[in-house]
Amino acid sequence: MVAKLTRNLEEGVLSFLLVTMTLLVFVEVVLRFGFNTGIHWVQEVTLHTSAWFVLFGISYGVKVGAHIGVDAVVRLLTPEVKRIVSIVAVLLCLLYCGLIMYGGWIYLEKVYSIGLAMEDTPTPGILKALIPEHMMWDVFKIDEEDPLLPMWFAHGPLLIGFILLTIRFLDVLKKLITGEWMEMHMADEAKEALEEAGVSTEVKMHDDDEETK
Amino acid sequence: MTIAFLFVTLFGCMFLGMPIAIALGLSSVSTILLFSDDSLASIALKLFEALSEHYTLLAIPFFILSSAFLSTGGVAKRLIRFAVAVVGHIKGGLAMASVLACMLFAAVSGSSPATVAAIGSIVIAGMVKSGYPEKFGAGVIANAGTLGILIPPSIVMLVYSAATEVSASKMFMAGFVPGIMMGLILMVAIYIAARVMNLPSQPFPGIKELFNSMISAMGGIMLIVIVLGSIYGGIASPTEAAAVSAVYAFFVSVFVYRDMGPLKEKAWKNEGENGVVLAGRAIMQSIVALPKCINDPDVRKVLVDATKVSIMLLFIIANAMLFAHVLTTERIPHHIAEYIVGWGLPWWGFLIVVNLLLLAAGNFMEPSAIILIMAPILFPIATQLGIDPIHLGIIMVVNMEIGMITPPVGLNLFVTAGITGHSIGWAVKAALPWLSLLLLFLILITYIPQISLFLPEFFDQLQGYK
Amino acid sequence: AEPIVIKFSHVVAENTPKGQMANKFRDLVAERLGGKVTVEVYPSSQLYGDNKVLEAMLLGDVQIAAPSLSKFKKYTKKVQLFDLPFLFKNMEAAEKFQQSEAGQKLLGSMKRKGIVGLGYLHNGMKQISASKPLRVPADANGLKFRIMPSDVLSAQFEAVNAVPLKKPFSEVFTLLQTKAIDGQENTWSNIYSKKFFEVQEYITASDHGLLDYLVVTSAEFWDGLPDDIRAEVKKAMDESIAFGNKIAAEKDINDRKAIEESGRSTVIDLTDAERQQWVEAMKPVWAKFEGDVGKDLLDAAIAANN
Ligand code: NA
Ligand code: NA
């Protein structure tokens, strides 16, 4: 139940971000071509929506096996060795997450302490309405005279995305250690392309099926 | 030492079975940590920059989304019907039609695996039914599918543009002639093979079917016009054209073809309706259906599928940019360039080296990552030797095409194996005879720059300069 | 001891005035402080783009950069001054203001946010190119112009009823070529090097604004340098900037000439009366930004014209 809810939430958020960025660019073209005008913050918002889309999506990608990898070597190993190699691989993935989170934290901290803001993107009215006046600058780093979206907020998903990714890899690690999984579940782009075309076939990795025919 | 560490870690991580993106990222971060004074914070900053500052790359999720709608929404099916009506009656015609359908789909989709999946999943079975050996059909499709990244639009070309600042529109234009040429080469080869193997042909379906199938395929053909037309006709940049194409693909699939979404199986024309009533009903239906799309399982599935592929690809690209950043801060392209220039190679000798390097890389890596890593190294040398940046780009793209049908990492092979239900090994053998054609084509592209440069230069002349 | 490494990151090619200035700085430092300080130049956005380089500098991973003045709006709103249309009648006036007490004080105004200005580097005065001849403000009515992200530039084009559109520099050529946008504003050298003159039929020699760079370093790095070395580095920087500015001035003249000789684009010189119309149409923009910029600074800039 909870798993299904999480999945729906993740897919909903990611689909929303994908549709948003597509429509923003589409609307920009329509406005320029049809109405001879434009919206000055569209470009910055689109680019950051795309960054959020990827950052929130990496962990989801691990869950559904969307990331591609080379399994040519791992595939040659016995199941038990494969499990151990996979554990090492997941630990290295966690190391990567840790390093990026550490760097990301220092970066965001710097951006926050200086109080940098975005170039074009205004702080949405609803946010401004919710924040008490004395906290605008002191806590949220929103400049009241020129209420552009604070950069720590726009870049924050860098940290959030990698925290989610860490949680996901910890889960994979647990499954590998308990033996529930024998390898990192990683599909490939091939399968995605097939599914899009409405074909759901398991890709066979070995030649032996041919000999049995 | 740094170079060795960087590449050994990269391949080490990859062979442990880590996602390619993270293998790229971890090897970059650990190199920075051990060999450079740069901070981890600057690496995080660079990663964010890679994700948020490349307007050209925005086109990638848009083209993927558009492809997803086209394959699910029945556009592929109709393009095939049209292709069969055009060339099906020639000896080996069904195979030739498959190539033509791949070319047409390539002209609306930016990716090769998507092209193989969309067309191959329908035509391979069709060819077998008509008496073609399955290996023959699968081999043709695996190869013709690679045109997805050569005929514009092309995700790989967008990545090359992002890496080198060569205009994406010009790259697109340059891919046109080579793409059509490769398609024709395949068709001629099929014709010869069909004569030798005495393969069947279909009866000519008649002018009426030719016309009807064309009308039916119009939804897809119009997209070619919209994408290329809006780029070269002054409405949109490639990124914008990609967004337009995604919206259009959604519209055609859901409201025109009605193969998916809330209007699925709702007939266009009811018994005894006249045009006015029909139009009125269609408009009403569409207005009612639009909000329903938000919760429609078909539409949601397409979005989720496109999300998965986009995220996978964009995350690889971001990490490959990190990798390229480490190469730059450590001045590695600089050193390699000096070293290669030191050999004193002529331009054609250098291009042999380029092809060998890229073919080798194509065996192991994802095309976007290869381009992002290799372009900074090769580009400056090519410029010094007077090789046109657009020509270099097309050479890289054709090499990436070949990489898609060589094991162990060959996306088109995986897809072909998946469609046919055979093993990867079987798919490799099926694709092999046709691979030699691609290699021949690579030599042509490498040593006759005019194949790639003709169209962009011609357009420049039309505009009246140079 | 290990030499102090200065990473100088910029986004243009090595043969441009900025690129040559950076290389000159590297060479001067090597000559005078060899062994103590090494300058590494990273051209062509190899390290960071202009949007992120200042953040990388604050993190200590880049020591010197030279983005356009308008990129500093995040650090001080006062830099919007330089985008104001028709503020400086020519480059000499801009130079005079930049060297004045007010101009030099502006260099230090971002210290609180961690950045120190080392000097102003010229690109040139901006011209307006378009697909149709622009002689008076009414000619720009309804046309779409690409601008750099800047509220002042937005207001400037809106003042003549044109449509300002923000687009990345890398897309401008294609958008102009395909007539998706009608025009843009830039210096002669950018119009020439980016080949905009090949796809724009008319260029109005308006000299209506300034496009300069600010050479900056991080306060933390700068204050951490030993006094004698800092003085020597600053001296090398001043000389390099003067060198770069000289090249920029020559390039400005040569590139204009090259554009005129190409015959691809018609250069329109404005009569005094026509130019005055543009001034009158655009000058109201000043008042809009007076609050951000500060009256004293604005007055000092106006005074530099005399
Ligand atoms: Na394509
Ligand atoms: Na391969």
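Only a predicted model underlies this, so the values are computations on that prediction, with no experimental measurement involved.
With a 4.5 angstrom heavy-atom cutoff, A:Ile114 touches chain C via backbone and side-chain atoms both. For A:Ile39, no part sits under 4.5 Å from any heavy atom of chain C, backbone or side chain. In this structure, chain C has no heavy atom under 4.5 Å from any part of A:Glu44. If you measure heavy-atom distances from A:Asp120 to chain C, the contacts under 4.5 Å come from the side chain alone. Using a 4.5 Å cut-off between heavy atoms, C:Lys73 touches chain A through its side chain atoms alone. Within the 4.5 angstrom heavy-atom criterion, only side-chain atoms of C:Leu165, from C-beta onward, approach chain A. Heavy-atom distances place both the backbone and the side chain of A:Glu119 under 4.5 Å from chain C. For A:Met151, the part lying under 4.5 angstrom from a heavy atom of chain C is the side chain only.
Ion pair C:Lys52/C:Glu55 flagged as a salt bridge, since at least one NZ, NE, NH1 or NH2 atom sits closer than 4.0 Å to an Asp/Glu carboxylate oxygen. Ion pairing of C:Asp223 with C:Lys111 is present here, as a side-chain N (NZ or NE/NH1/NH2) and a carboxylate O approach within less than 4.0 Å. A salt bridge does not link C:Glu220 to C:Lys113: none of the charged side-chain nitrogens sits closer than 4.0 Å to a carboxylate oxygen.
Without hydrogens or angle criteria, C:Arg146 side chain to C:Pro164 main chain gives no donor-acceptor distance under 3.5 Å. Within the 3.5 Å criterion, the main-chain N or O of A:Met182 finds no donor-acceptor partner in the side chain of A:Arg83.
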A:Arg7/A:Glu11 under salt bridge (charged side-chain N to carboxylate O under 4.0 Å, His left out): CA gap, chis, key distance, verdict: CA-CA 6 Å; A:Arg7 192 181 176 114; A:Glu11 290 180 352; 3.2 Å; yes
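Annotation: side chain of C:Pro85 is in contact with side chain of C:Trp286 (closest heavy-atom distance under 4.5 Å).
Among C:Leu59, C:Leu143, C:Ile147, the residue with the largest count of heavy-atom pairs under 4.5 Å with chain A is C:Leu59.
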